[in-house]
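As a basis for the values below, the full set of heavy atoms in this structure was taken, side chains included, without hydrogen atoms, waters or symmetry mates.
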Amino acid sequence: SLRACFTSYRTFADGPVVQPFPESDPANIAFALGCPYFSFYTLKRLTNRQLEQTFVSFDLIIVEVNLSAIELSRRIIEACHGRAATYSEGHIGDYQSLSPTDQVSFLKTLNEACMNFVYWERYVPFYQSLTSKPVEYLPYPYMLELAQARAIPIKERPALAAIPTGLAGGTRNGLASLAVAKRLQSEGLIAHTACWLEGDSFDEDRQAVGYFMHGTPPPLGTKQVRFHWRKWLLEHRVDYRSLLWLKGRLQSSHNQPHGADMSQLHGTTFYRRGGWLSFIGRLAASRVVIDLNNRETVGRLALDCAALKIACIAANRSDMQTRLFPRTSLADSWDVDEAFQIAKRCLGDDEFYYQVVSYAAEAAQQFDAPAFRRRFEDIIARHPEIIPREPHRARP
């Protein structure tokens, strides 16, 4: 059988992965394939010789194309001597943020790999134009059973609309999503709205959203600054895996309450953005999700909604939204009125709502871990030329 492993800059422990990571994350490729995971935080400290020795026993090494560390990605690929495949989950245009020299490194990375995987099928032709190596669509595995276990029966959910952002969400288009929720609330179609806000701008964002939704006093003239330690560690590539482990132990020992990172203001609840399991546990109470994001994304939120049987009203800016929710997808992320009309129908037409969420729940099964493995095996079977005929040996 094929001996594979997965590598990325995610802050997970190195070694065999026998249970899923507690996030909906590409690193769960290692879990789906029953193979080891290696973090870039560990690999970047190794010499080229040590990298070769680390991967010598594997037939295929799947390497994240991390544009903020493109030279490291390339160095890992070079150490694999033709047995590395890239995995690109970023936006198709992110390469434009690189310098011309680094764009050349990006091209070399794709061409030095034996295969290139991308998460959005629509991206395949572009990547094929950059390299002579095979390019295949391979969405990363979704932990469907973990999410489904947190589902709440539709009849037991309150009249709640969920907004996955506030006003500090960059390209998330939070103001448009909130405009839909505000109209739903003003017309009595929902009673409550829930928003997920970034930690470093939580208080300022909460005040700003409160002003828009409920006319409460506007935010202070001076921006509120809070040091976001995790963002700083990510930007400086500090290996903080031990800190995350310690934080988890401390929270567990002190039995931190589920609502410690939340705040309420009139008809809106604000959650501080946290881990995936916490997010879906709270999201499960929603009747509809409004997400007029205008940046192209994988679409994990649509998968979350499908698993929890929540109607997701979103623009067609993600791969999964249009696959799972074709009847509640918008062509224009600024079309607030169309989003409102779709949400109104979801909330007022039980048969339509059931059709929407049932279709999504069924379609989501093709993206869980077993389905990922089957898709991966089919791709490998179509490309026998990438499998080495003889075991690789590290150079002396």
Sub-4.5 Å side-chain heavy-atom contact between [X] and [Y]:
X: Ile77; Y: Thr86; value: yes
X: Ile313; Y: Phe340; value: no
X: Pro370; Y: Arg374; value: yes
X: Phe376; Y: Leu138; value: yes
X: Leu107; Y: Gln103; value: no
X: Tyr359; Y: Pro326; value: yes
X: Leu189; Y: Lys344; value: yes
X: Asp368; Y: Glu145; value: no

task: Check whether more than 12 heavy atoms from other residues, nucleotides or ligands sit under 6.0 Å from atom CZ of Phe126, and answer yes or no.
output: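 Yes, because the 6.0 Å sphere around CZ of Phe126 holds more than 12 heavy atoms from other groups.
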
field: Gln355 CD: over 12 foreign heavy atoms closer than 6.0 Å
entry: yes

Between atom [atom1] of [X] and atom [atom2] of [Y], what is the distance when rounded to the nearest 0.5 Å?
X: Ser263; Y: Gln207; atom1: OG; atom2: CD; answer: 10.0 Å
X: Ser24; Y: Phe279; atom1: OG; atom2: CZ; answer: 10.5 Å
X: Leu197; Y: Leu167; atom1: CG; atom2: CG; answer: 8.5 Å
X: Leu308; Y: Gln148; atom1: CG; atom2: CD; answer: 8.5 Å
X: Leu144; Y: Asp304; atom1: CG; atom2: CG; answer: 10.5 Å
X: Cys35; Y: Phe6; atom1: SG; atom2: CZ; answer: 9.0 Å

- request: Check step by step if side chain to side chain contact (heavy atoms under 4.5 Å, CB included) holds for Phe12 and Asp25.
  value: CA-CA 11 Å; Phe12 301 122; Asp25 190 279; 3.8 Å; yes

Could you pull out the closest heavy-atom pair between [X] and [Y], with the gap in Å?
X: Ala161; Y: Ile190; answer: CB-CD1, 3.4 Å
X: Leu292; Y: Ser333; answer: CB-O, 3.4 Å
X: Phe325; Y: Ala306; answer: CZ-N, 3.8 Å
X: Ser73; Y: Val63; answer: O-CG1, 4.0 Å
X: Trp276; Y: Ala147; answer: CZ2-CB, 4.1 Å
X: Arg375; Y: Tyr137; answer: CD-O, 4.0 Å

Passing option when Ser8 is tested against Tyr41, Tyr87, Tyr37 for side chain to side chain donor-acceptor pair (under 3.5 Å):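 Testing Ser8 for a side chain to side chain donor-acceptor pair (under 3.5 Å) against Tyr41, Tyr87, Tyr37 leaves exactly one candidate, Tyr37.
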
Donor-acceptor check, side chain of [X] to backbone of [Y], threshold 3.5 angstrom: yes or no?
X: Arg373; Y: Leu33; value: yes
X: Arg83; Y: Phe58; value: yes
X: Asn28; Y: Phe21; value: yes
X: Asp349; Y: Phe352; value: yes
X: Asn173; Y: Asn294; value: no
X: Thr328; Y: Cys312; value: yes
X: Asn316; Y: Thr322; value: no
X: Thr54; Y: Gln50; value: yes
X: Ser318; Y: Gln321; value: yes
X: Thr165; Y: Arg172; value: no

field: Criterion side chain to side chain contact (heavy atoms under 4.5 Å, CB included) against Val289, the qualifying member of Leu283, Ile163, Leu160
entry: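 It is Leu283, the one option of Leu283, Ile163, Leu160 that forms the side chain to side chain contact (heavy atoms under 4.5 Å, CB included) with Val289.
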
Could [X] and [Y] be called an ion pair, given the rule that one side-chain N must be under 4.0 Å from one carboxylate O?
X: Glu23; Y: Arg10; value: no
X: Lys133; Y: Glu112; value: no
X: Glu121; Y: Arg323; value: yes
X: Lys155; Y: Asp350; value: no
X: Arg75; Y: Glu71; value: no

Verdict with supporting geometry, His383 and Met115, side chain to side chain contact (heavy atoms under 4.5 Å, CB included): CA-CA 9 Å; His383 297 279; Met115 178 174 287; 3.4 Å; yes

query: Stepwise, does the side chain to side chain contact (heavy atoms under 4.5 Å, CB included) test hold for Leu301 with Leu303?
result: CA-CA 5 Å; Leu301 180 62; Leu303 279 164; over 6 Å; no

Check: [X] ring centre within less than 6.0 Å of [Y] ring centre:
X: Phe372; Y: Tyr142; answer: no
X: Phe55; Y: Phe38; answer: yes
X: Trp120; Y: Tyr123; answer: yes

- request: Walk me through it: do Ser88 and Tyr127 pass the test side chain to side chain contact (heavy atoms under 4.5 Å, CB included)?
  value: CA-CA 10 Å; Ser88 298; Tyr127 277 85; 3.7 Å; yes

Under 3.5 Å, is there a donor on one side chain and an acceptor on the other for [X] and [Y]?
X: His192; Y: Thr268; value: no
X: Thr42; Y: Asp14; value: yes
X: Thr131; Y: Asn111; value: yes

- prompt: Once the angle between the rings of Phe202 and Phe270 is folded into 0 to 90°, is it parallel (under 30°), tilted (30 to 60°) or perpendicular (over 60°)?
  reply: perpendicular

message: In this structure, would Tyr95 and Leu130 fall into the same cluster of hydrophobic residues linked by side-chain contacts under 4.5 Å?
response: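 Per the 4.5 Å side-chain linkage, Tyr95 and Leu130 are co-clustered.
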
Please output the side-chain donor-acceptor pairs of residues 178-188 that fall under 3.5 Å, not counting sequence neighbours, one pair per line with the distance.
from	atom 1	to	atom 2	distance (Å)
Lys182	NZ	Phe212	O	2.8
Arg183	NE	Glu187	OE2	3.4
Arg183	NH1	Asp337	OD1	2.9
Gln185	OE1	Thr193	OG1	2.8
Gln185	NE2	Gly267	O	3.4
Ser186	OG	Lys182	O	3.3
Ser186	OG	Arg183	O	2.9

- prompt: Tyr353 ring centre to Arg287 NZ or CZ under 6.0 Å, with the angle to the axis within 45°?
  reply: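 Pair Arg287/Tyr353 counts as cation-pi.
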
task: Output, in order, the C-alpha distance, side-chain angles, deciding distance and verdict of salt bridge (charged side-chain N to carboxylate O under 4.0 Å, His left out) for Arg272 and Glu198.
output: CA-CA 6 Å; Arg272 201 179 302 273; Glu198 297 293 343; over 6 Å; no

